[in-house]
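To start, the structure itself, in C-alpha cells.
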Amino acid sequence: MAFDLIVKNATLPDGRSGVDIAVDKGKISAVEPSIAAEAGRILDARGYLVTPPFVDCHFHMDATLSLGLPRMNESGTLLEGIALWGELKPLLTHEAVIERALKYCDLAVAQGLLAVRSHVDVCDDRLLAVEALLEVREKVKPYLDLQLVAFPQDGYYRSPTAARNLERALDMGVDVVGGIPHFERTMADGAASMKALCEIAAKRGLMIDVHCDESDDPLSRHIETLVSEVHRLGLGGRAVGSHLTSMHSMDSYYVSKLLPLMREAGVAAIANPLINITLQGRHDTYPRRRGLTRIAEMRALGIPVALGQDCCMDPWYGLGHADMLDVASMAVHAAPMTSREAIRWAFEAVTTVPAAILGLEGYGLAPGNNADFVILQAADTIEAVRMRAARLTVVRRGTVIAETPPRTAALNLAGRPAAVDPAAYAPKTTH
C-alpha cells in the first residue's frame with residue numbers, strides 16, 4: 001500500500017520511540033514501528049519528538065499586533081490596557097483587524113500552533129471586530145482552527161449595549177459565550193451577569209468561557225457564582241473560568257470549599273501565565289504576589305487546567321510570539337512546578353488538555369485522527385519545554401505547511417566539536 005506521507009523514527013509524547021506515522025488522505029492511517037510502504041513523501045524525524053499541534057485556548061486576536069496604537073500602556077496594568085483598548089476601538093478598521101489577525105496566524109502556524117480560541121470584543125456597536133474575525137475564521141480554516149468567544153469587554157451590564165450586541169454576535173455565528181463579571185460596577189451586577197450569560201449558553205446549547213476574577217482582590221468570587229449556575233443549568237463540561245487570579249490571594253480554607261465545587265460542576269480552568277505574572281500584583285510592594293491561579297491544587301483534584309497565551313503585542317502585553325512552549329515554560333517557573341511530572345503536564349496543558357476543552361475533533365496521534373502534527377527538535381516533552389524547541393516541520397491534514405531549519409551553532413574552538421545541537425543535551429534519563 002502507498003501512503004501520501006510517512007514520518008519515520010519518531011519519538012511520541014507518551015515516550016514511545018522508533019515509531020513511524022503513515023498518512024493517507026489527510027488522516028493518520030497507522031502509528032507503529034517500521035512501516036514498510038511507499039509514500040509520496042517521507043520525513044525522517046531522526047528520533048525527535050512528534051506531537052499533536054499546539055492549542056491556544058485563550059487569546060485576543062482582535063487586538064493582536066496593535067502594540068503602540070494609539071499609545072503605549074505606561075503603567076503596565078490591566079485597567080490601563082482596557083482603557084487603551086477603549087481608545088483604539090473607534091479607530092479600528094475592518095481591513096486592519098483582518099490584516100493583523102492573518103499576520104498573527106502566519107506566525108502561529110510557523111510555531112506549530114494550529115488551533116486558537118479567541119475572545120472578540122462585542123461592546124463596539126458596529127461589531128466590526130466580530131465581522132472581521134468571522135471572515136478570518138473562514139480564511140484560515142484550511143490551516144488553523146479558530147474558535148470565537150463573544151466577549152463583553154466593557155461589562156455585560158456596565159456597557160449599555162453589550163447584552164444586545166452579544167446576542168447579535170452569537171446570531172452571526174460566534175461560537176462561545178463570554179463574560180467579565182469582575183469588571184461590572186458591583187459584585188451583585190457581576191453575579192447577575194453570570195446568571196444571564198449561563199442561561200444564554202444553556203438556551204443556545206453553547207460553551208461558555210468567562211474572564212473570571214482577573215483581580216488581586218481575594219473577595220472577587222464570581223467563580224463561585226459561575227460554578228453554581230453551571231451546576232444549576234447542566235453546563236458541566238462546556239464551561240471554563242479563565243484567569244481566576246483572585247484565587248491566588250484567597251485564604252486556603254475558602255479555596256478548599258471552592259475547588260471541589262468546581263470539580264463537581266465540571267468547570268475547567270485556564271491560566272494565562274505570561275499575562276497573569278505581569279499584570280497582577282502591580283499594587284503590591286513586598287511580599288509581592290505572583291498572580292497565578294492555584295494550578296497545582298486544581299490538578300490534584302482532577303479539574304482540567306489548560307494554559308493560554310492571552311495576548312501578543314497588544315495594549316496588555318508588549319511581548320509574545322505565538323509560542324505555546326514559552327507559555328508552558330512561564331507556568332513551570334512562576335507556579336512554580338519543576339518536578340518531571342509537572343513539566344510533562346505543562347506540555348499537555350498547551351496540547352491535549354486545551355484540545356479537549358475546545359472540543360477539537362480528530363485531534364491526536366492515533367489512527368483515524370486528522371494528520372496534524374509537529375516535529376520538534378527535542379528528545380521528549382520535558383526537553384521541548386526546557387528549550388522552547390524549534391518546530392522543524394508542521395503538518396496539517398497530511399501536508400507540510402511550515403518548516404524551520406534545525407537550531408544548531410557552528411563552533412570554531414580548538415579541540416571542541418564543530419557544531420552544537422541543543423537537543424543533544426538531554427539527560428540520559430528523564431524519569
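Bear in mind that the values here come from a model prediction, so they are computed numbers and not experimental data.
- Side-chain contact check for D62 versus L133: some heavy-atom pair is nearer than 4.5 Å.
- Side-chain atoms of L78 and E214, non-hydrogen and from C-beta on, do get closer than 4.5 Å to each other.
- Looking only at side-chain heavy atoms (C-beta outward), V19 and V31 come within less than 4.5 Å of each other.
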- Message: Working note: V353 + V305, criterion side-chain contact (heavy atoms from CB on, under 4.5 Å); need CA distance, chi angles, decisive distance, verdict.
- Response: CA-CA 7 Å; V353 178; V305 187; 5.8 Å; no
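- Sorted by first then second residue, the ring pair (Phe, Tyr, Trp, His ring centres under 6.0 Å) pairs that include residues 319-371, not counting sequence neighbours, are F54-F347.
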- Message: One pair to check against side-chain contact (heavy atoms from CB on, under 4.5 Å): L274 and L319. What are the steps and the verdict?
- Response: CA-CA 9 Å; L274 295 176; L319 304 170; over 6 Å; no
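- Applying the salt bridge (charged side-chain N to carboxylate O under 4.0 Å, His left out) test to residues at least two apart or on different chains, none of the pairs has a partner in residues 258-279.
- Partners of N369 under the side chain to side chain contact (heavy atoms under 4.5 Å, CB included) rule, at least two apart in sequence or in another chain, are A366.
- Nearest heavy atom pair, residue C198 against residue E229, reads SG-CB, 3.7 Å.
- Judged purely by atom type and a 3.5 angstrom limit, R391 uses its side chain to pair as donor or acceptor with the backbone of A389.
- Applying the salt bridge (charged side-chain N to carboxylate O under 4.0 Å, His left out) test to residues at least two apart or on different chains, the pairs with a partner in residues 37-50 are R41-E403.
- For the pair P181/T225, no side-chain contact is recorded, criterion being any heavy-atom separation below 4.5 Å from C-beta on.
- Across T351 and P53, no two heavy atoms sit closer than the pair CG2-O, 4.0 Å.
- Within the structure, no pair that satisfies the ring pair (Phe, Tyr, Trp, His ring centres under 6.0 Å) test touches residues 120-141, not counting sequence neighbours.
- Atom SG in C312 sits 10.0 Å away from atom CE in M61 (nearest 0.5 Å).
- Here the CG atom belonging to D314 is positioned 11.0 Å from the CG atom belonging to L69, to the nearest 0.5 angstrom.
- With hydrogens and angles disregarded, no donor-acceptor distance shorter than 3.5 Å links the side chain of R137 to the backbone of Q147.
- The backbone N or O of D56 sits nowhere less than 3.5 Å from a side-chain atom of R117 that would complete a donor-acceptor pair.
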Hey, can you pull the donor-acceptor pairs under 3.5 Å for the side chains in residues 290-301, sequence neighbours left out?
from	atom 1	to	atom 2	distance (Å)
R290	NH1	A334	O	2.8
T293	OG1	L244	O	3.0
R294	NE	M247	O	3.0
R294	NH1	S252	OG	3.2
R294	NH2	M250	O	2.6
R299	NH2	E341	OE2	2.4

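- Cation-pi geometry between R221 and Y254 is met: the NZ or CZ atom falls under 6.0 Å from the ring centre, inside 45° of the normal.
- Checked by atom type and distance alone, the side chain of N370 never pairs as donor or acceptor with a backbone atom of D372 at under 3.5 Å.
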- Item | Audit row: K257, E224, salt bridge (charged side-chain N to carboxylate O under 4.0 Å, His left out) steps and yes/no | CA-CA 10 Å; K257 168 197 171 185; E224 186 178 69; 3.7 Å; yes
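- A donor-acceptor pair under 3.5 Å links the side-chain atoms of T278 to the main chain of I275, judged by distance alone.
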List the atom pairs, donor and acceptor, that lie under 3.5 Å between side-chain atoms in residues 96-105 and the rest of the protein, sequence neighbours left out.
from	atom 1	to	atom 2	distance (Å)
R100	NE	T64	O	3.4
Y104	OH	Q309	NE2	2.7

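- Put simply, the side chain of T399 never gets that close to the backbone of I401: no donor and acceptor are under 3.5 Å apart.
- Contact between F183 and Q153 at its shortest, heavy atoms only, is CD2-O, 3.6 Å.
- Checked by atom type, the side-chain pair D213/S220 shows a donor-acceptor distance below 3.5 Å.
- Looking at heavy atoms from C-beta onward, V122 lies in side-chain contact with L127 at the 4.5 angstrom threshold.
- The minimum heavy-atom distance linking L170 with A150 is given by the pair CD2-CB, 4.1 Å.
- Atom CD1 of residue I42 and atom CG of residue N9 lie 12.5 Å apart, to the nearest 0.5 angstrom.
- Distance check, rounded to the nearest 0.5 Å: CZ of R397 to CD1 of I28 gives 10.5 Å.
- Counting only N and O atoms by type, the side chains of H94 and E135 include a donor and acceptor under 3.5 Å apart.
- Taking the charged nitrogens against the carboxylate oxygens, K89 and D125 have no contact shorter than 4.0 Å, which rules out a salt bridge.
- Judged as a salt bridge (charged side-chain N to carboxylate O under 4.0 Å, His left out), the pairs with a partner in residues 5-34 (not counting sequence neighbours) are, in order, K8-D20, D14-R16.
- Nearest approach of P273 to L307, heavy atoms of both residues: CD-CD2, 4.1 Å.
- Applying the ring pair (Phe, Tyr, Trp, His ring centres under 6.0 Å) test to residues at least two apart or on different chains, the pairs with a partner in residues 113-146 are H58-H119, H60-H119, H119-F151, H119-H211.
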- Between N165 and R168, does a side-chain contact (heavy atoms from CB on, under 4.5 Å) hold up when you go through it step by step? CA-CA 5 Å; N165 288 347; R168 287 172 59 205; 2.9 Å; yes
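- Listed here is the closest heavy atom pair of P152 and G178: CD-O, 3.5 Å.
- Residue pairs meeting the side-chain hydrogen bond (donor to acceptor under 3.5 Å, both in side chains) criterion with at least one member in residues 192-206, sequence neighbours excluded, are E167-R204, D171-R204, K195-E199, E199-R232.
- The backbone N or O of T77 sits less than 3.5 Å from a side-chain atom of N73, completing a donor-acceptor pair.
- Under 3.5 Å, the side chains of D216 and S249 contain no donor-acceptor pair of N or O atoms.
- In this structure, the side chains of T338 and V332 come closer than 4.5 Å at one or more pairs of heavy atoms.
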- Message: Could you walk me through whether T51 and L376 satisfy the side-chain contact (heavy atoms from CB on, under 4.5 Å) test, starting with their C-alpha distance in whole Å, then the side-chain angles of each, then the deciding distance to 0.1 Å, before giving a yes or no?
- Response: CA-CA 8 Å; T51 175; L376 297 174; 3.8 Å; yes
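- In this structure, CG on D121 lies 5.5 Å from CG on D154, to the nearest 0.5 angstrom.
- Between V7 and V50, the closest side-chain pair of non-hydrogen atoms falls below 4.5 Å.
- The SG atom of C57 sits 7.0 Å away from the CG atom of N272 when rounded to the nearest 0.5 Å.
- Residues that satisfy the side chain to side chain contact (heavy atoms under 4.5 Å, CB included) test with A423, not counting sequence neighbours, are Y48, Q377, M387, D421.
- The closest side-chain heavy-atom distance from M172 to L134 is below 4.5 Å.
- Residues satisfying the side chain to side chain contact (heavy atoms under 4.5 Å, CB included) test with A115, not counting sequence neighbours, are V55, D145, L360.
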